[in-house]
Chemist: 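Before I ask anything, let me first share the structure, which is written out below as structure tokens.
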Amino acid sequence: MARVCQLFSGSSGNSILISSKGHNLLVDIGVSAKRCEDALKAIDVSPDSIEAVFVSHEHTDHSKGLRVFSKKHSVPVFASEACIEKMYSEKLIDYTTDIRTFDYHTNIGGVEIMGFKQSHDSVDCLGYRFNFDSGRSVGICTDTGFVTQNAKQVLRGVDMIFIESNHETTMLQMGPYPYPLKQRILSERGHLSNFACSEFIKELAESGTTRFVLCHLSRENNLPEIARQTAVSALSELGLLENQDYRLYVSPEENAGRGITI
């Protein structure tokens with residue numbers, strides 16, 4: 001049995017707990033170490049129990065708390081080589097950080113971790129798949145302008161997915177953001193729209209995925225009910241019914257629940 005919990009989601013900070021048989025892992029710490037510690041304690045997870053942190057990319061909403069958390073709790077940080085170099089240059093980590101190069105595959109406490117390439121305006125952005133010895137699996141696919149072929153290959157058949165549903169395109173186009181920022185978000189190195197997200201979750205559903213968590217929603221350019229309805233409508237095209245054929249969740253900016261058991 002495994003438990004997953006999105007501790008934080010969105011441009012103000014991101015972090016996901018992956019827990020299996022007493023082995024606790026984090027993907028990203030995009031808030032202060034203190035806020036991450038408090039969020040873990042709120043769901044009865046000791047910060048000292050974290051065995052590793054896997055970094056998607058160097059942007060601060062995914063890396064802000066890494067250096068302090070890693071040093072305080074003696075936790076190794078895994079990231080791609082390019083991401084590591086960038087985090088050193090931006091002082092997000094330092095010589096006190098137990099940093100380890102992630103080469104797209106490792107195993108910790110019986111949990112197999114696989115990485116895949118994303119398309120984002122960072123030096124190198126990774127998504128992840130976690131395979132548990134129970135046969136269950138969880139994928140994380142956020143911060144990408146489009147779903148890469150690498151992502152589709154690795155995520156096929158995953159039981160549960162945390163997937164970016166960042167913006168409603170019309171809201172973004174008509175909203176207050178300056179034009180260059182709008183173009184960045186809409187580009188192939190930006191973020192997934194509700195529509196792009198819904199198209200991919202149809203593919204995942206056809207491969208066997210039954211749990212979907214919409215995350216990294218924009219505060220300014222999206223609404224949870226719009227993201228949810230876009231996903232529900234897409235899955236209904238396959239004849240699938242919510243709470244019968246699948247479960248759908250929308251992550252709040254900060255977790256208010258106890259996580260999801262798979």
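Along the sequence shown, the residues carry numbers beginning at 1. Just so you know, these numbers come straight off a predicted model, no measurement behind them.
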Chemist: For atom NZ of Lys86, is the number of surrounding heavy atoms from other residues, nucleotides or ligands below 6.0 Å larger than 12?
Modeler: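 12 or below, so no.
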Chemist: Only one of Glu220, Gln183, Arg184 clears side-chain hydrogen bond (donor to acceptor under 3.5 Å, both in side chains) with Tyr177; which?
Modeler: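 Among Glu220, Gln183, Arg184, the one meeting side-chain hydrogen bond (donor to acceptor under 3.5 Å, both in side chains) with Tyr177 is Glu220.
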Chemist: For Arg228, check salt bridge (Lys or Arg N to Asp or Glu O under 4.0 Å) against everything at least two apart and list the hits.
Modeler: Glu242
Chemist: May I have all residue pairs that pass ring pair (Phe, Tyr, Trp, His ring centres under 6.0 Å) and include part of residues 210-249, sequence neighbours excluded?
Modeler: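 Those involving residues 210-249 are His62-His216, His191-His216.
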Chemist: Does Asn222 form a side chain to side chain contact (heavy atoms under 4.5 Å, CB included) with Asn194? I'd like the steps, not just the answer.
Modeler: CA-CA 9 Å; Asn222 209 350; Asn194 290 339; 2.9 Å; yes
Chemist: Please report the closest heavy-atom contact between Ser137 and Asn131, naming both atoms and the distance.
Modeler: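 Of all heavy-atom pairs spanning Ser137 and Asn131, the closest is CB-OD1, 3.3 Å.
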Chemist: On a heavy-atom basis, which atom in Ser122 and which in His59 lie closest, and how many Å separate them?
Modeler: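 Where Ser122 meets His59 most closely, the heavy atoms are CB-NE2, 3.8 Å.
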Chemist: To the nearest 0.5 Å, what is the distance between OG (Ser63) and CD1 (Ile93)?
Modeler: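 The OG atom of Ser63 sits 9.0 Å away from the CD1 atom of Ile93.
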Chemist: Are any non-hydrogen side-chain atoms of Leu7 and Val31 less than 4.5 angstrom apart?
Modeler: no
Chemist: With a 4.5 Å cut-off on side-chain heavy-atom distances among I, L, V, M, F, W and Y, is there a chain of contacts connecting Ile163 to Leu240?
Modeler: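 Ile163 clusters together with Leu240.
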Chemist: Just wondering, do Ser11 and Arg219 contact through their side chains at under 4.5 Å, heavy atoms?
Modeler: no
Chemist: First locate atom CG of Leu241, then atom CG of Leu235, and finally report the distance between them rounded to the nearest 0.5 Å.
Modeler: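 Answer for the CG-CG pair, Leu241 versus Leu235, is 10.0 Å.
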Chemist: Check whether any side-chain N or O of Asn14 sits under 3.5 Å from a backbone N or O of Asp61 as a donor-acceptor pair, and report yes or no.
Modeler: yes
Chemist: I'd like to know if the side chain of Ser15 and the backbone of Phe8 have a donor-acceptor N/O pair within less than 3.5 Å.
Modeler: no
Chemist: Please round to the nearest 0.5 Å and tell me the distance separating atom SG of Cys197 and atom CG of Leu214.
Modeler: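 Rounded to the nearest 0.5 Å, the SG-CG separation comes out at 5.0 Å.
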Chemist: In terms of heavy-atom contacts, does OH of Tyr104 have more than 12 from other residues, nucleotides or ligands at under 6.0 Å?
Modeler: yes
Chemist: Indicate yes or no: at least one non-hydrogen side-chain atom of Leu172 is less than 4.5 angstrom from one of Ser218.
Modeler: no
Chemist: Got more than 12 heavy atoms from elsewhere within 6.0 Å of NZ, Lys71?
Modeler: no
Chemist: Going by salt bridge (Lys or Arg N to Asp or Glu O under 4.0 Å), name the residues that satisfy it together with Asp245, two or more places apart in sequence or in a different chain.
Modeler: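 Not a single residue meets the salt bridge (Lys or Arg N to Asp or Glu O under 4.0 Å) criterion with Asp245.
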Chemist: I'd like to check Met1 versus Ser134 (side-chain heavy atoms, cut-off strictly below 4.5 Å). Are they in contact?
Modeler: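 They are not in contact (no side-chain heavy atoms under 4.5 Å apart), so the answer is no.
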Chemist: Can you tell me how far the OG atom of Ser236 sits from the NZ atom of Lys202, to the nearest 0.5 Å?
Modeler: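 Ser236 OG to Lys202 NZ: 9.0 Å, rounded to 0.5 Å.
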Chemist: Run the numbers on Glu85 and Val123 for side chain to side chain contact (heavy atoms under 4.5 Å, CB included), then give the verdict.
Modeler: CA-CA 9 Å; Glu85 292 177 1; Val123 293; over 6 Å; no
Chemist: Find out whether Leu192 and Asn166 are in side-chain contact, i.e. whether some heavy atom of one side chain is under 4.5 Å from a heavy atom of the other.
Modeler: no
Chemist: When rounded to the nearest 0.5 angstrom, what distance separates NZ in Lys117 from CD in Gln153?
Modeler: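 Separation between the atoms: 14.0 Å.
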Chemist: Let me know which of Asp121, Asp143, Thr144 forms a side-chain contact (heavy atoms from CB on, under 4.5 Å) with Arg189.
Modeler: Asp121
Chemist: Taking side-chain hydrogen bond (donor to acceptor under 3.5 Å, both in side chains) as the cut-off, I'd like each qualifying pair that reaches into residues 35-46, sequence neighbours left out, listed once.
Modeler: Lys34-Asp38, Arg35-Glu254, Glu37-Lys72, Glu37-His73, Asp44-Arg258
Chemist: Check Phe146 against Glu188 and note the closest heavy-atom contact, atom names and distance.
Modeler: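 Closest approach of Phe146 to Glu188: CD2-O, 3.5 Å.
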Chemist: Has the side chain of His57 got a donor or acceptor atom that lies under 3.5 Å from a matching backbone atom of Asp124?
Modeler: no
Chemist: Test Asn150 against Thr148 for side-chain hydrogen bond (donor to acceptor under 3.5 Å, both in side chains), laying out the working first.
Modeler: CA-CA 5 Å; Asn150 191 198; Thr148 65; 5.3 Å; no
Chemist: Could you tell me whether the side chain of Ile113 reaches within less than 4.5 Å of the side chain of Leu25, counting heavy atoms only?
Modeler: yes
Chemist: With heavy-atom distances below 4.5 Å as the criterion, would you say the side chains of Cys215 and Thr142 are in contact?
Modeler: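 Touching, per the 4.5 Å side-chain cut-off.
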Chemist: Assess whether atom CD of Glu81 is packed by more than 12 heavy atoms of other residues, nucleotides or ligands within 6.0 Å.
Modeler: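 Counting neighbours around CD of Glu81, 12 or fewer heavy atoms of other residues, nucleotides or ligands fall under 6.0 Å, so no.
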Chemist: When you measure from the side chain of Thr97 to the backbone N and O of Asp94, does any donor-acceptor pair fall under 3.5 Å?
Modeler: yes
Chemist: Can you name the residues that form a salt bridge (Lys or Arg N to Asp or Glu O under 4.0 Å) with Asp159, not counting sequence neighbours?
Modeler: Arg136
Chemist: Between Val75 and Val55, is there a shared hydrophobic cluster once you connect ILVMFWY residues whose side-chain heavy atoms come closer than 4.5 Å?
Modeler: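 Cluster IDs for Val75 and Val55 match.
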Chemist: Atom CD1 of Ile50 and atom SG of Cys36: how far apart are they, to the nearest 0.5 Å?
Modeler: 7.0 Å
Chemist: Does any pair with a residue in residues 27-55 pass ring pair (Phe, Tyr, Trp, His ring centres under 6.0 Å), and if so which ones, sequence neighbours excluded?
Modeler: Phe54-Phe78, Phe54-Phe102, Phe54-Tyr128
Chemist: Evaluate the criterion side-chain hydrogen bond (donor to acceptor under 3.5 Å, both in side chains) for residue pair Glu203 and Ser207; output intermediate values, then yes/no.
Modeler: CA-CA 6 Å; Glu203 293 184 38; Ser207 76; over 6 Å; no
Chemist: Test side chain to side chain contact (heavy atoms under 4.5 Å, CB included) on Val147 and Glu199; report intermediate values, then the result.
Modeler: CA-CA 10 Å; Val147 181; Glu199 289 297 290; over 6 Å; no
Chemist: Establish whether Ile99 and Val53 are linked, either directly or via other cluster members, by ILVMFWY side-chain heavy-atom contacts under 4.5 Å.
Modeler: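 Ile99 clusters together with Val53.
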Chemist: Quick check: do Leu26 and Phe69 have side-chain heavy atoms less than 4.5 Å from each other?
Modeler: yes
Chemist: Show your working on side chain to side chain contact (heavy atoms under 4.5 Å, CB included) between Ser193 and His167 and close with a plain yes or no.
Modeler: CA-CA 5 Å; Ser193 68; His167 58 276; 3.4 Å; yes
Chemist: Which heavy-atom pair separates Leu238 from Ala205 by the least distance, and what is that distance?
Modeler: CD1-CB, 4.1 Å
Chemist: Check the hydrophobic clustering (I, L, V, M, F, W, Y; side-chain heavy atoms under 4.5 Å; chains of links allowed) and say if Ile161 and Leu217 are grouped together.
Modeler: yes
